[in-house]
Amino acid sequence: MTVNPRTQASSALFARACAATPGGVHSPVRAFGSVGGEPVFIERGEGAAVWDADGNRYVDFQMSWGPLVLGHADADVVAAVQQAAARGLSYGATHRAEVELAELVVSAFPGMAQCRFVSSGTEAVMTALRLARGATGRTLVLKFSGGYHGHSDALLVRAGSGLVTGTDAGSEATSAGIAPDVARTTLVAPFGDDAALDAVFADHGADIAAVILEPLPANNGLLPQQRAWLQGVRRRCDAAGALLIFDEVISGFRLHFGGYGELVGVRPDLITLGKIVGGGMPVGAVVGPRALMEQLAPIGPVYQAGTLSGNPVSMAAGIATLQKLRNGDVYARLEALGARLEAGLRALNRDDVQVVRQGSIVWPWFAASAMPTTAEGAFDAHVGRFRTLHRPLLDAGFYLPPSAYEVLFLSVAHSEADIDGLVAAIAAALPTPATA
Ligand SMILES: *Cc1c(COP(=O)(O)O)cnc(C)c1O
């Protein structure tokens with residue numbers, strides 16, 4: 001590959017990374033595989049911007065995939081982290097900040113009484129599912145295609161042929177290395193499809209421990225679902241005696257000080273959190289009512305543990321972040337910025353630029369075809385066009401997540417000029433429309 005002089009320090013680092021690490025990355029999308037070219041290496045972040053190893057500045061619309069709702073290196077969060085770090089990086093024992101963050105988290109979710117901290121969203125989901133199985137004495141879990149719940153074995157699955165029609169060919173793993181028996185414990189249905197849900201519950205209802213979904217699916221593009229459909233999921237869970245788990249790892253604290261379930265008026269049995277709750281540090285959480293949560297060890301029979309769970313430095317970042325979210329006018333600002341980006345894209349007045357948005361989560365769609373509402377939709381035209389836009393936007397100083405399926409995240413550190421700059425850069429990077 002010819003070395004781009006603009007990013008030669010990144011290229012040199014990537015060559016070293018590829019020798020020391022599979023694919024040069026520690027999480028696969030970071031390799032830029034679906035947009036082409038080499039990744040840039042980030043050296044620092046401040047506010048809405050990141051700088052790469054060559055000193056290039058980018059306005060960041062990835063924001064660490066969601067956690068950085070206050071922007072990079074928020075002064076209050078950094079100060080809290082520094083003060084905590086000076087008191088020791090880890091105790092492996094109980095401490096005050098765990099209590100404070102747990103109280104803050106629980107206060108944000110009506111009907112929920114307790115929370116257990118882990119170190120990632122993946123772990124939160126693993127724990128919630130084990131808890132659901134332990135509490136119900138059942139085995140099966142139902143998820144929805146296009147929902148992402150971390151990288152644990154049981155959730156890296158897709159529907160096998162025939163499943164949703166009730167013939168039950170079983171689910172297939174989407175990764176090598178997953179035991180078929182584990183994949184088969186997870187059923188998969190499409191979003192928004194009442195008939196498919198009815199079929200799954202008719203065939204398996206008595207064996208379903210939990211239904212897990214992102215109430216605002218944001219990992220396969222942004223696929224907002226109808227409130228009535230979400231209510232229908234809740235009803236079917238109640239009728240079958242299955243627990244409903246809302247995976248709010250992205251949506252928790254993103255749209256208001258609490259969860260998306262409250263906004264649509266559907267209350268789950270358990271909530272999983274990550275991303276914002278750690279303010280940029282590794283934190284996940286399971287939140288639920290006391291009777292259910294006390295099924296966890298040491299009170300109950302469902303085992304769960306973590307050497308670095310409730311880590312004091314991570315807790316400090318979470319507390320500082322949530323306090324600012326609770327006390328400030330953060331959400332009005334995020335909504336205004338999101339609305340500005342949406343309006344700017346619409347004002348381009350092109351049928352191949354569409355957008356769906358919830359607050360500060362924005363998913364642009366670069367195709368003339370209708371935007372999908374389920375993962376079964378036709379994504380190819382958008383994916384192909386996104387691939388041609390990503391590098392020019394990077395060269396223009398705008399860092400977008402390196403996949404057409406990923407949403408853009410805004411933060412309170414973004415400015416109107418940052419938003420307008422992105423819209424202008426997109427306009428410049430698009431081909432001249434065939435019809436003016
Ligand atoms: C990011 C994400 C996860 C996984 O969290 P990690 O911290 O990456 O393990 C789980 N569920 C949802 C909805 C997510 O967006």
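Remember, it's 1-based here, ligands and their atoms both numbered in the order they're listed. Fair warning: this is a prediction, and the values are worked out from it, not measured in the lab. Residue numbers count from 1 along this sequence. Because only heavy atoms are used, hydrogens play no part in the values below, and waters and symmetry mates are left out as well, while side chains stay in.
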Backbone N/O of V50 and side chain of H72: donor-acceptor pair under 3.5 Å
no
So, R116 and E123, do they make that salt bridge, N to O below 4.0 Å?
no
Hey, which atoms in ligand 1 end up nearer than 4.0 Å to a heavy atom of N219?
12 (C), 13 (C), 14 (C), 15 (O)
R235 bridged to D238 by N-O distance under 4.0 Å
no
Return the residue, atom name and 0.1 Å-rounded distance of the protein heavy atom closest to atom 7 (O) of ligand 1.
G121 N, 2.9 Å
Atom 11 (N) of ligand 1: the protein heavy-atom neighbour that sits closest, reported with distance to 0.1 Å:
D247 OD2, 2.7 Å
Does any N or O atom in K275 lie less than 3.5 angstrom from one in ligand 1, N or O only?
yes
Based purely on interatomic distance, does E214 place a nitrogen or oxygen under 3.5 Å from a nitrogen or oxygen of ligand 1?
no
So which protein heavy atom does atom 9 (O) of ligand 1 come closest to, and at what separation?
T122 OG1, 2.6 Å
Determine, using ring centers only, whether W51 and Y399 are less than 6.0 Å apart.
no
Can you name the atoms of ligand 1, numbered from 1 with element, that are less than 4.0 Å from a heavy atom of S120?
7 (O), 9 (O)
Side chain, backbone, both or neither: which applies to T272 and ligand 1 if a contact is any heavy-atom pair less than 4.0 Å apart?
neither
Flag H151 as yes when one of its N or O atoms lies below 3.5 Å from any N or O atom of ligand 1, and as no otherwise.
no
When you measure from the side chain of N311 to the backbone of L89, do you find a donor-acceptor pair of N or O atoms at a distance under 3.5 Å?
yes
All pairs passing ring-ring contact (aromatic ring centres under 6.0 Å, His included) where residues 304-334 contributes a residue, at least two apart
none
Does any N/O atom on I250 come nearer than 3.5 Å to any N/O atom on ligand 1?
no
Test side-chain contact (heavy atoms from CB on, under 4.5 Å) applied to E103 - qualifying residues, sequence neighbours left out
V99
